[in-house]
Amino acid sequence: MVKKLLIFLGCCIVIYSVYYDLTQGTMPTVTPATVDKTNKTYYNIKVEPGDTVISLIEEKEGALPVPIEQIIEDFRTLNNGLSPEEIKIGQTYRLKDY
């Protein structure tokens, strides 16, 4: 009886995990690129644990398309002067679409 209960609970956990992954997802959320007032194309991305500005751009582009100094300058411009070191988990930031 206990074995059947444990198997049932295990199946429920697996089903819920699959449902959550398909509906909410566990990957960073990327919105389509947008053009702001300064004619810069950017996209919004939500920061997950372990993310950095550099890792987010490398993940999207495959490699760094421009020097790191340019990435930092673009990040500050698009995010009201915020430094890349100040990003917080769960917050959404703008990244330039290179």
Side-chain angles (χ1 to χ4, degrees):
M1 182 69 175
V2 173
K3 188 175 182 180
K4 289 181 182 181
L5 179 62
L6 290 175
I7 291 172
F8 175 75
L9 289 175
C11 289
C12 289
I13 290 172
V14 168
I15 290 170
Y16 177 75
S17 297
V18 170
Y19 168 78
Y20 181 83
D21 194 38
L22 293 175
T23 58
Q24 301 294 320
T26 54
M27 298 298 290
T29 305
V30 177
T31 58
T34 311
V35 177
D36 69 356
K37 294 179 250 180
T38 61
N39 283 334
K40 291 191 176 182
T41 305
Y42 66 89
Y43 56 95
N44 296 320
I45 191 159
K46 186 175 180 181
V47 175
E48 300 293 331
D51 286 343
T52 65
V53 172
I54 301 299
S55 70
L56 292 170
I57 291 174
E58 283 179 332
E59 182 178 309
K60 183 175 185 309
E61 301 291 333
L64 292 180
V66 295
I68 292 174
E69 293 79 16
Q70 183 66 46
I71 293 171
I72 292 170
E73 182 181 323
D74 293 337
F75 182 83
R76 285 188 175 143
T77 302
L78 290 171
N79 292 286
N80 300 321
L82 183 72
S83 173
E85 293 86 14
E86 299 175 38
I87 63 173
K88 296 183 180 162
I89 296 170
Q91 296 295 316
T92 302
Y93 300 99
R94 294 177 178 174
L95 294 177
K96 185 173 178 184
D97 190 18
Y98 293 100

Worksheet item: Measuring from Ile54:CD1 to Leu64:CG, what's the distance to the nearest 0.5 Å?
Response: 5.5 Å

Worksheet, complete the sentence: For Gly90 and Lys46, the nearest pair of non-hydrogen atoms, with its separation, is O-CE, 3.4 Å

Worksheet, complete the sentence: Taken to the nearest 0.5 Å, the spacing of Arg94 CZ from Asp74 CG works out to 13.0 Å

Worksheet item: Glu86: what forms a side-chain hydrogen bond (donor to acceptor under 3.5 Å, both in side chains) with it, not counting sequence neighbours?
Response: none

Worksheet, complete the sentence: When rounded to the nearest 0.5 Å, the distance separating CD1 of Ile72 from CD of Glu69 is 6.5 Å

Practice prompt. Drop me the distance from Asp51's CG to Leu56's CG, to the nearest 0.5 angstrom.
Written response: 4.5 Å

Item to complete: Would you indicate whether the side-chain heavy atoms of Pro65 and Ile57 approach each other to under 4.5 Å?
Response: yes

Practice prompt. Any chance you could lay out the side chain to side chain contact (heavy atoms under 4.5 Å, CB included) test for Leu95 and Val53, step after step, and finish with the verdict?
Written response: CA-CA 8 Å; Leu95 294 177; Val53 172; 4.0 Å; yes

Worksheet item: How long is the gap from SG on Cys11 to CG on Leu6, to the nearest 0.5 Å?
Response: 11.0 Å

Item to complete: Report, as yes or no, whether the 6.0 Å neighbourhood of atom CD1 on Ile68 holds more than 12 heavy atoms from other residues, nucleotides or ligands.
Response: no

Discussion item. Has Tyr93 got a side-chain atom pairing as donor or acceptor with Lys88's backbone, closer than 3.5 angstrom?
Written reply: yes

Worksheet item: Side-chain contact, heavy-atom cut-off 4.5 Å: Met1 with Leu5?
Response: no

Fill in: Minimum heavy-atom distance Gly50-Ser55, with the two atoms named
O-OG, 4.4 Å

Discussion item. I need the Gln70 CD to Glu73 CD distance, nearest 0.5 Å.
Written reply: 5.0 Å

Worksheet item: Can you find a pair of side-chain heavy atoms, one from Lys96 and one from Thr77, that are under 4.5 Å apart?
Response: no

